[in-house]
Asks: 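Sharing a structure here in structure tokens format.
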Amino acid sequence: MSIHKEVKKVTTHVLLEMKSSGEKISMLTAYDYTMAKIVDHAGIDVILVGDSASNVMAGHETTLPITLDQMIYHASSVVRAVDRALIVVDLPFGSYQGNSKEALNTAIRIMKESGAHAVKLEGGSEVTESIQRILTAGIPVMGHLGLTPQSIYKFGTYNVRAKEELEAKKLVEDAHALEKAGCFALVLEKIPAKLAEKVAKEMIIPVIGIGAGGGVDGQVLVFHDMVGLNNEFNPRFLRRYLNLYDDIKGAVGNYIKDVKSKDFPNSNEQY
Ligand code: KIV
């Protein structure tokens with residue numbers, strides 16, 4: 001029996017049940033009311049209000065510039081649209097790394113001002129104190145390891161992480177530390193599939209991958225990439241389900257043509 005079909009509202013406990021029954025978890029990003037409504041009605045399990053909004057909504061090169069107020073704006077738009085999915089919101093760069101009190105205050109602002117259900121933050125053992133402090137306020141926390149885009153200037157590239165033994169060993173240790181600290185789930189981004197599978201097997205909590213192969217407990221993609229709104233981003237892990245860039249460009253081109261030729265509006269399209 002599919003938990004997905006039975007459940008009216010996805011909670012962190014439902015995700016744990018999905019993992020233990022072998023049902024894969026589906027997760028996508030959303031940043032606004034209209035798209036979040038479609039994604040929720042389609043039956044997605046988890047919606048991530050990702051700090052990738054910095055890239056795909058605001059046009060920044062990295063996720064670093066997006067502010068806490070901007071994340072709350074996106075998250076509250078998503079919350080107004082969604083009935084079923086669990087809504088997780090990224091803590092933006094610079095809003096939690098200072099100390100655990102800062103992390104708690106940021107998480108509380110997100111929960112109070114947006115109405116979301118959980119937060120996500122990047123990092124391993126260095127953020128476990130913050131995770132524990134956020135949990136004291138009853139706020140569920142999702143971890144994020146591997147390619148953590150907020151550290152892009154440390155990495156220097158968006159290449160696959162943890163290919164070397166030392167980094168792979170640290171990633172496994174960090175994953176265990178995050179589970180021990182109380183995370184309800186973990187995102188693994190752009191790491192070798194075998195390593196991701198090993199982590200997922202060792203964890204009780206669900207491991208959700210992006211560019212981490214099929215041996216994990218669920219998959220996440222950035223919505224704009226998945227529907228082909230962005231035709232400049234072509235990583236190997238991305239499967240495009242639509243080509244909306246071309247479709248929308250074509251539709252806008254047709255509209256321009258109709259306006260210029262005075263074909264639009266016709267006599268039925270006016271009062
Ligand atoms: O911000 C985001 O979209 C993310 C996903 C890539 C996991 O963190």
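Counting starts at 1 for both ligands and their atoms, in listed order.
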Asks: Within this structure, what is the NZ-CD1 distance for the pair Lys120 and Ile110, rounded to the nearest 0.5 Å?
Replies: 11.0 Å
Asks: Pairs of donor and acceptor atoms involving the side chains of residues 191-210, under 3.5 Å and at least two apart or interchain, shall be tabulated with distances.
Replies:
| residue | atom | partner | partner atom | Å |
| --- | --- | --- | --- | --- |
| Glu197 | OE2 | Lys201 | NZ | 3.2 |
| Lys198 | NZ | Glu202 | OE2 | 2.8 |
| Glu202 | OE1 | His176 | NE2 | 2.7 |

Asks: Consider only side-chain N and O atoms of Arg133 and Asn99, and report whether a donor and an acceptor are under 3.5 Å apart.
Replies: no
Asks: Say whether, by atom type as modelled, one donor and one acceptor occur between the side chain of Thr128 and the main chain of Ser125 under 3.5 angstrom.
Replies: yes
Asks: Would a hydrophobic clustering, with Ile, Leu, Val, Met, Phe, Trp and Tyr connected at side-chain separations under 4.5 Å, put Val89 with Met111?
Replies: yes
Asks: Working to the nearest 0.5 angstrom, can you tell me the gap between Ile38 CD1 and Asp32 CG?
Replies: 8.5 Å
Asks: Check ligand 1 for close polar pairs with the protein: N or O on both sides, less than 3.5 Å.
Replies:
| residue | atom | partner | partner atom | Å |
| --- | --- | --- | --- | --- |
| ligand 1 | 1 (O) | Asp51 | N | 3.2 |
| ligand 1 | 1 (O) | Asp51 | OD1 | 3.0 |
| ligand 1 | 1 (O) | Ser52 | N | 3.1 |
| ligand 1 | 1 (O) | Ser52 | OG | 3.2 |
| ligand 1 | 1 (O) | Asp90 | OD2 | 3.1 |
| ligand 1 | 3 (O) | Ser52 | OG | 2.5 |
| ligand 1 | 8 (O) | Lys120 | NZ | 2.9 |

